[in-house]
Amino acid sequence: MRAAWYGRPGAADDVLVVGEFPEPEPGIGEVRVRLRATGVNPADVKRRAGAGERAMLGPRVVPGDDGAGVIDRVGPRVPAERLGSRVWVHSANHGRALGTSAEYVVVPADRALPLPDNVSFEVGACLGVPALTAHRAVFADGPVAGKTVLVTGGAGAVGHYAIELAKHGGATVLATASSPDKQKSALAAGADHVVDYRSDDAVAEILELAGGGVQRIVDVAFGANLPLTAAVISANGTIAAYGSDAVAEPALPFYPLMRKGVTIRTVQVFTMPPPAVRAATEHVNRLLADNVLTHPVAARFPLAEIAAAHRLVESGDAVGKVLLAER
């Protein structure tokens with residue numbers, strides 16, 4: 001099969017190779033998916049770069065957690081009825097060397113979810129890590145109906161889904177974004193107000209919009225955003241953080257947070273409890289079938305140009321999901 005892989009961590013142009021690779025075969029409880037589209041996430045480029053002392057999972061690693069396609073083979077203990085099913089795939093690279101940047105991928109059967117007939121493979125490839133992370137961050141601490149939710153980085157893939165999920169859940173949604181294009185993207189997702197986090201008045205603006213504080217924060221940059229989030233979180237609110245790249249080991253304003261009774265929740269899709277994964281995938285699929293969610297795509301690349309796709313994700317300039325969409 002055609003696949004992209006790397007044999008050592010490093011820069012995309014230096015280590016990514018595209019060529020022929022042995023086809024994987026499903027084992028017990030696994031399915032093989034003939035992929036039609038692949039999503040490229042920040043986690044993919046961080047693994048490839050070796051960020052955070054990430055270890056190689058094999059002599060050659062095929063990157064990619066997310067994708068969509070058709071099940072063409074099933075392993076033992078998987079119902080034969082799943083053959084030919086349209087699916088979206090998540091977490092394919094978690095704990096496994098062979099991910100979705102290939103013509104075929106093998107995953108545990110529960111990581112291949114039914115893709116509604118009205119949903120394209122490209123949309124299916126957008127879901128995965130961003131949609132499940134957003135769902136966990138928004139709903140892990142209960143319903144949001146009647147609450148005010150702040151989504152930092154509202155133009156990112158996770159931020160986009162977090163805005164839509166929170167709005168659909170009945171919340172008033174505030175978002176932060178910097179450039180005009182990113183602010184427009186957050187508003188298009190359904191945010192009620194968007195604030196430029198670089199503004200000196202950002203805290204005051206959010207407090208005024210939220211009537212004194214927000215009950216829940218979905219946070220892309222925990223350490224860098226602490227001066228803002230600690231100031232605008234309300235009593236007994238929750239900061240659900242799924243990243244802290246700029247400040248990996250932040251100094252915590254413990255007593256101000258303690259006096260408010262703030263909960264700090266870290267969110268990573270790969271460590272979500274199985275009941276939370278099931279709740280998230282079932283909810284996302286209901287919304288997909290009802291055509292409630294939108295799925296902005298920043299760019300599409302053929303597999304042969306995966307290095308360019310990785311560079312775009314690393315740049316932080318992509319507004320929407322980056323896809324490998326030619327097979």
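- With sequence neighbours excluded, the residues satisfying ring pair (Phe, Tyr, Trp, His ring centres under 6.0 Å) with Tyr161 are His295.
- Nearest heavy-atom pair across Ala251 and Leu226 is O-CD1, 3.7 Å.
- Residues meeting the side-chain contact (heavy atoms from CB on, under 4.5 Å) test with Glu208, sequence neighbours left out: none.
- Applying the side-chain hydrogen bond (donor to acceptor under 3.5 Å, both in side chains) test to every pair with at least one member in residues 253-279, sequence neighbours left out, gives these pairs: Asp141-Arg265.
- Every residue two or more places apart in sequence or in another chain that forms a side-chain contact (heavy atoms from CB on, under 4.5 Å) with Lys147 is listed here: Gln215, Arg216.
- Side-chain N/O atoms of Asp65 and Asn93 include no donor and acceptor closer than 3.5 Å.
- No donor-acceptor pair closer than 3.5 Å links the side chain of Ser185 to the backbone N or O of Asp181.
- Judged as a ring pair (Phe, Tyr, Trp, His ring centres under 6.0 Å), and not counting sequence neighbours, the contacts of His94 are Phe270.
- Taking 4.0 Å as the cut-off between side-chain N and carboxylate O, Arg2 and Glu23 do not count as a salt-bridged pair.
- The minimum heavy-atom distance between Ile306 and Pro63, with the atom names listed, is CD1-CG, 4.1 Å.
- Residues Thr152 and Asp219 bring a donor and an acceptor atom of their side chains to less than 3.5 Å of each other.
- In this structure, Val194 belongs to a hydrophobic cluster whose other members, linked by side-chain heavy atoms under 4.5 Å apart, are Leu187.
- Residue pairs satisfying the side-chain hydrogen bond (donor to acceptor under 3.5 Å, both in side chains) criterion with at least one member in residues 113-139, sequence neighbours excluded, are listed as follows: Glu122-Arg300, His135-His283.
- In this structure, Val138 and Val144 have side chains that are in contact, with non-hydrogen atoms separated by less than 4.5 Å.
- The side-chain contact (heavy atoms from CB on, under 4.5 Å) search around Ala204 returns none, not counting sequence neighbours.
- Applying the side-chain contact (heavy atoms from CB on, under 4.5 Å) rule to Asp13 yields the partners Ala307, Arg311; only residues at least two apart in sequence or on another chain are considered.
- Remark: Asp14 does not engage Arg8 in a salt bridge, criterion side-chain N to carboxylate O under 4.0 Å.
- Counting heavy atoms of neighbouring residues, nucleotides and ligands inside a 6.0 Å radius, atom CD of Glu249 does not exceed 12 of them.
- Side-chain contact, Trp88 with Asp66: no donor N or O sits under 3.5 Å from an acceptor N or O.
- Hydrophobic cluster membership of Leu323, counting Ile, Leu, Val, Met, Phe, Trp and Tyr whose side-chain heavy atoms lie under 4.5 Å apart directly or via other members: Val297.
- Counting heavy atoms from C-beta on, the side chains of Ile239 and Ile233 come closer than 4.5 Å.
- No more than 12 heavy atoms of other residues, nucleotides or ligands shown are found within 6.0 angstrom of CG on Asp200.
- Distance alone, capped at 3.5 Å, places no donor-acceptor pair between the Asn41 side chain and the Ala43 backbone.
- The stretch residues 76-96 participates, sequence neighbours left out, in these salt bridge (charged side-chain N to carboxylate O under 4.0 Å, His left out) pairs: Glu30-Arg96.
- Apart from Phe21 itself, the hydrophobic cluster it occupies contains Met1, Trp5, Val17, Val62, Leu98, Tyr104, where clustering links Ile, Leu, Val, Met, Phe, Trp and Tyr at side-chain heavy-atom distances under 4.5 Å.
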